[in-house]
There are 2 protein chains.
Amino acid sequence: MPIRRLPLLLLLSAASAAAQDAPATAAACSPGNVVCVELGLDGDGRPSYRVQRAGRQVLAPSRLGMILADAPKLERNLAIADVRRATFDETWEQPWGERREVRNHYNELTVTLREKSGPGREFDVVFRLHDDGLGFRYAFDRQPALERLEIVEELTEFHLAEDATAWWIPAFEWNRAEYLYHATPLREVGDAQTPITLRMDDGLHVSIHEAALVDYAGMNLTRVEGRRLKAALTPGTSTRANVSVATPFRTPWRTLQLGMRAGDLVESPLILNLNEPNRLGDVSWVKPMKYVGVWWEMHMDLKSWASGPKHGATNENVRRHIDFAARHGFGGVLVEGWNVGWDGDWFGNGEAFRFTRSYPDFDLEALSAYARERGVVLIGHHETSGHAAHYESQMDAAFDLYRRVGVPAVKTGYVADAGQAKVRDADGNLVFAWHEGQDMVNHHLRVVEAAARRRIAVNPHEPVKDTGLRRTYPNWLTREGARGMEYSAWGDPGNPPGHEPTLVFTRLLAGPMDYTPGIFGMETRAPGGVETTWAKQLALYVVIYSPLQMAADLLDNYERNPGPFQFIKDVPVDWEATRVLNGEVGEYVTIARRERGGDDWYLGAVTDAQPRTLEVALNFLEPGRRYTAQVYRDGDRADYRGNREDIVIEAREVTSVDTLTLRLAPGGGQAIRFVAQ
Amino acid sequence: MPIRRLPLLLLLSAASAAAQDAPATAAACSPGNVVCVELGLDGDGRPSYRVQRAGRQVLAPSRLGMILADAPKLERNLAIADVRRATFDETWEQPWGERREVRNHYNELTVTLREKSGPGREFDVVFRLHDDGLGFRYAFDRQPALERLEIVEELTEFHLAEDATAWWIPAFEWNRAEYLYHATPLREVGDAQTPITLRMDDGLHVSIHEAALVDYAGMNLTRVEGRRLKAALTPGTSTRANVSVATPFRTPWRTLQLGMRAGDLVESPLILNLNEPNRLGDVSWVKPMKYVGVWWEMHMDLKSWASGPKHGATNENVRRHIDFAARHGFGGVLVEGWNVGWDGDWFGNGEAFRFTRSYPDFDLEALSAYARERGVVLIGHHETSGHAAHYESQMDAAFDLYRRVGVPAVKTGYVADAGQAKVRDADGNLVFAWHEGQDMVNHHLRVVEAAARRRIAVNPHEPVKDTGLRRTYPNWLTREGARGMEYSAWGDPGNPPGHEPTLVFTRLLAGPMDYTPGIFGMETRAPGGVETTWAKQLALYVVIYSPLQMAADLLDNYERNPGPFQFIKDVPVDWEATRVLNGEVGEYVTIARRERGGDDWYLGAVTDAQPRTLEVALNFLEPGRRYTAQVYRDGDRADYRGNREDIVIEAREVTSVDTLTLRLAPGGGQAIRFVAQ
């Protein structure tokens with residue numbers, strides 16, 4: 001007897017008198033009137049919002065609300081109890097980043113929704129409207145009927161108004177974020193991780209993601225039907241709820257970046273702007289740098305993480321890397337497999353790891369001193385196999401050790417299948433966790449804070465996704481969270497040529513990624529080897545932003561190829577300004593960046609399997625100034641399927657009124673340093 | 001550092017010696033070699049299965065396994081430890097049903113999978129291969145490392161080998177199962193409930209569902225990407241796991257029904273065959289019947305569930321219904337709104353209900369006696385508003401009462417939003433539950449068993465989905481679990497003409513549905529009124545199988561229209577045999593059924609908004625016998641948009657060699673009784 005409509009009608013008529021004076025909608029636009037939002041309520045008191053950009057609908061009415069574990073859900077019988085507005089405009093400076101100055105200019109609309117009967121619970125929906133997109137969050141004050149929130153699921157929807165092409169990776173799959181991107185019609189999206197990138201048929205580009213993921217579960221998207229996406233929170237651990245928090249509480253921001261060019265998404269600082277300012281005070285000790293490491297050797301199966309005859313992390317091998325770094329101007333040397341725990345089956349078995357105990361053939365103190373004498377630092381490594389609880393039990397001692405010997409940055413790792421990380425529940429029992437569940441989100445922030453207290457930066461692999469927290473915690477330098485270069489060492493398949501021009505417009509919208517480019521040895525254990533040209537490997541240093549950037553290949557490959565290696569030595573990792581000159585998702589992209597505190601510009605262009613000729617106006621250069629363009633381009637025979645090493649290195653003089661014609665080979669690229677005269 | 005491939009390779013080489021003798025695959029086919037399955041393991045020891053029908057692939061390799069809350073997931077590092085085969089062939093009799101005799105003929109393949117290292121846990125995958133489809137389940141013996149199973153999610157996949165059209169309703173949405181069906185490409189399916197119906201491009205029809213859902217969470221499907229569907233269990237309540245059970249344990253059967261005609265799915269008894277035989281012994285007390293009731297009056301807002309001047313469940317009104325039922329040969333009278341609790345806001349507030357206390361203007365004992373004297377029974381009603389815990393606290397007393405006064409069947413109701421039912425957890429706390437979560441699955445079976453002890457049949461609305469348990473518990477007569485006729489009383493929109501020919505090939509594959517047809521008063525509160533012709537309303541009694549079948553309209557509408565009403569009076573609710581003569585999902589269907597214990601056949605045909613001319617061979621009739629066909633057909637002007645009442649009633653003589661031409665109006669239908677001479 002599905003009679004539920006009748007009582008609802010009764011409810012409404014009873015409540016309508018009280019709600020008569022309440023507005024039924026609330027709306028606001030961004031400072032330039034580009035992006036507008038309207039929150040409204042239907043006849044059942046269900047809230048929804050819709051979004052317009054430049055007069056056209058981007059989101060059709062999309063639901064808001066929450067399902068709670070221990071209280072009736074918050075999703076209808078609501079009225080607008082209050083509407084508040086504010087405007088904000090400031091320009092702030094990144095301590096390091098893809099640009100120095102960031103303008104944060106938005107109009108804020110806060111709508112208080114209150115239940116018309118029953119416990120009368122209330123919450124705010126806060127919208128921040130920027131010209132490049134918007135963020136919104138739920139905010140809960142402390143109130144008797146909501147002392148805690150046990151959130152089973154958000155009802156938050158993103159109901160796209162038009163058909164679109166979507167670039168996305170699946171959510172809840174065992175290999176976490178390490179998937180090749182699907183490019184499908186929006187209507188064929190399954191469960192997807194964020195950021196998800198959409199291109200509507202008229203060319204509007206949309207990225208849906210979140211900002212400031214703190215004490216909450218990561219948001220995935222599930223497609224309900226048609227063009228309607230809905231939040232799907234990463235599962236929690238010991239309780240039925242996916243999120244358990246006390247009020248007052250604010251959720252992360254749900255974000256939409258909007259732009260007509262694919263490059264607009266890359267240039268948008270929305271995610272950073274929605275995060276809180278730096279909480280760490282003086283962070284001059286956080287140093288972007290390039291590094292080499294004992295790493296690709298393992299992926300090529302030439303060395304092992306485990307001890308024994310193939311052990312990579314030996315004093316001798318590490319000294320060789322330190323010498324190389326000093327000789328070629330690299331700041332750091334990463335060493336994996338240095339600590340006890342790698343012998344035996346450590347996969348999913350993080351209890352074996354000791355984060356303060358070296359293998360006997362690795363002398364941490366001596367090697368740190370050896371590096372320091374040569375102006376180089378060791379980059380630490382903490383592989384946890386996803387056993388966050390075990391890691392936390394040793395974390396303070398481990399960071400103390402690194403602090404003492406002068407290790408300023410640590411790469412952490414959480415290699416375990418999705419859903420198989422380990423944390424302790426409230427009773428102290430070990431329970432399984434998802435890499436982006438609330439427990440792991442909180443774990444990562446504890447690690448970042450513990451590291452910050454020792455002036456150590458962190459670079460997590462198999463991480464929680466980036467949501468711009470580097471603004472608040474500038475020692476959270478970079479991370480992985482995508483299919484990195486190592487898949488081209490042993491993957492089947494390796495990374496295909498379209499992977500990097502996809503990453504730029506998807507994963508990279510979240511923040512920096514330690515992609516580990518710079519491979520010259522193209523024959524690997526992957527069937528197709530490394531499916532790029534050499535010129536593309538160089539271009540990746542500009543195209544893929546990361547303040548920790550590895551020269552990932554075997555040292556010999558660099559020593560043997562000083563010509564192209566010069567670009568890797570020259571390219572900075574910290575930038576004054578960034579411009580996306582052209583690009584289409586998954587096809588190609590050209591990015592120019594100016595060195596932080598310098599006058600030189602750097603340009604990188606990469607393409608998928610298609611060869612391309614791109615005209616690039618140099619109007620980003622300082623007008624009237626002469627530059628020497630040091631060009632690293634694909635040779636005539638270059639191709640990702642062979643002749644990948646065919647590279648031409650040449651120089652020419654240019655100014656800002658010039659236009660360059662970039663010819664990219666199939667799977668190719670081009671890297672240019674513009675040396676200011 | 002996504003290095004997980006390397007250690008896996010190590011693992012495998014270590015384990016390969018031990019596993020050398022184990023077969024890598026196990027396969028079996030159905031008795032007629034129509035349906036075949038193969039279970040295989042990949043290089044990581046991950047199991048998958050694939051399905052063929054008549055030599056063509058139906059399912060590409062599809063994963064098997066489980067994610068557990070308190071133990072490593074069961075999904076790889078497995079080897080085949082044992083393979084067992086069996087054959088089964090019997091014909092059993094339904095005490096009531098759409099056919100009397102059911103043949104259950106299958107080959108069984110049981111594959112024991114054991115972990116190659118670690119705790120060495122093991123489980124069986126049991127396949128039952130019928131010519132009309134297959135079922136498979138996971139079975140766990142008691143074992144030290146698996147004394148309990150806390151199942152977070154099944155990894156079970158259904159990876160369709162080819163593109164298809166899919167008919168489905170969304171899972172996890174607030175209105176439970178009461179949605180109109182989507183018809184989309186398979187690649188546009190979102191989260192879907194089962195059964196889901198697929199038609200591949202070459203015409204193969206597939207229904208994915210489950211059988212024997214006992215002590216487990218209902219299975220929904222999520223589309224991972226492309227054509228890959230994956231199990232998505234309905235959430236649990238108080239723990240992180242969706243299912244919590246002790247070993248030994250067997251999951252419900254995951255089922256695929258397969259046939260080239262849409263009608264093959266309807267004729268397939270696979271779901272019933274996969275259920276356990278009758279556990280209740282003598283069930284001659286379970287009586288299929290037609291009924292009228294105090295019900296449509298409420299949906300038309302002429303009467304109220306609540307007490308007061310509009311109260312529907314008054315002695316006078318109920319006596320009027322009893323008199324009508326006696327006069328016209330109906331077995332039962334349903335009365336809603338008879339018990340205390342309907343005043344005030346009862347939606348989602350089931351605590352108000354008292355299941356043994358009548359409103360003062362309803363005398364249960366006297367009315368039961370009044371009915372009994374006239375050869376009629378009252379059908380009880382227990383609306384719980386989803387508060388299962390509250391209902392259980394009064395259930396025994398409520399059934400005792402009904403037993404005492406002679407009420408042989410009870411319609412229950414669980415009207416509450418999805419996720420907002422209420423049960424008690426292990427500590428006795430009230431917690432929210434989903435209508436198809438493990439707690440509610442168990443609740444429904446407790447109700448069915450408590451009712452059976454009093455020889456009472458049940459008919460739950462807003463129920464757990466049907467998975468064929470009527471075979472095991474024959475007092476579980478029918479249920480709702482779809483968008484019923486009442487939406488045409490007040491829905492916006494009402495049920496469109498394509499709804500019923502969709503239900504037959506989707507929801508109805510699960511089992512009987514109390515759709516409540518038989519409306520003659522076509523103007524309702526729904527904007528389009530009842531969007532069928534009268535002839536289609538009659539045909540629904542044959543097309544939509546239910547052993548409890550309502551004549552749902554206001555009594556006056558029947559008294560005023562004795563001609564068409566005659567078919568409703570004549571049509572049986574229990575059948576000897578059923579044939580689907582034609583049909584396409586969502587478009588049209590013609591079904592013929594022979595009366596249980598009789599010689600007459602009945603035929604129903606319905607169409608969507610398209611008018612149709614269908615040629616129907618009468619070769620289902622007994623050869624050589626003459627029948628009088630009493631035809632109720634659409635008149636020339638009949639149309640669901642107007643002239644819905646235009647019906648022609650006529651008779652003709654036919655035999656099994658005749659062919660009838662059925663002309664169905666837009667939104668029309670035809671009903672025929674073939675009276676054996």
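In what follows, every chain begins at residue 1, and chains take the letters A, B, ... in the order their sequences are listed.
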* **Separation of B:Asp70 CG from A:Thr237 OG1 (nearest 0.5 Å)** => 12.5 Å
* **Side-chain touch B:Thr184/A:Arg187, heavy atoms, less than 4.5 angstrom** => no
* Is any side-chain heavy atom of A:Trp174 closer than 4.5 Å to a side-chain heavy atom of B:Arg76? -> yes
* To do: Identify which part of B:Arg63 has an atom lying under 4.5 Å from any heavy atom of chain A, answering side chain, backbone, both or neither.
  => side chain
* Asked: Under the side chain to side chain donor-acceptor pair (under 3.5 Å) test, which residues partner B:Lys303, sequence neighbours left out?
  -> none
* Which heavy atom of B:Val224 sits nearest a heavy atom of A:Trp168, and at what distance? -> O-CH2, 3.4 Å
* Using a cut-off of under 4.5 Å for heavy-atom pairs, which of B:His182, B:Glu75, B:Arg483, B:Lys73 has the most such pairs with chain A? -> B:Lys73
* To do: Determine the minimum heavy-atom distance between B:Phe432 and A:Leu68, stating which atoms define it.
  => CD1-O, 4.1 Å
* Proximity breakdown for B:Glu153 and chain A, heavy-atom pairs closer than 4.5 Å -> neither
* Asked: Is chain A contacted by the side chain of B:Ala232, its backbone, both, or neither, given a heavy-atom distance below 4.5 Å?
  -> neither
* Nearest non-hydrogen partners of A:Val189 and B:Arg223, listed with the distance -> O-NH2, 3.1 Å
* **Which of A:Arg228, A:Glu225, A:Lys230, A:Glu188 touches chain B most, by non-hydrogen pairs under 4.5 Å** => A:Glu188
* Is it the backbone or the side chain of B:Pro72 that comes under 4.5 Å from a heavy atom of chain A, or both, or neither? -> both
* Determine whether A:Asp191 and B:Asp191 make a side-chain contact, defined as any pair of heavy atoms from C-beta on separated by less than 4.5 Å. => yes
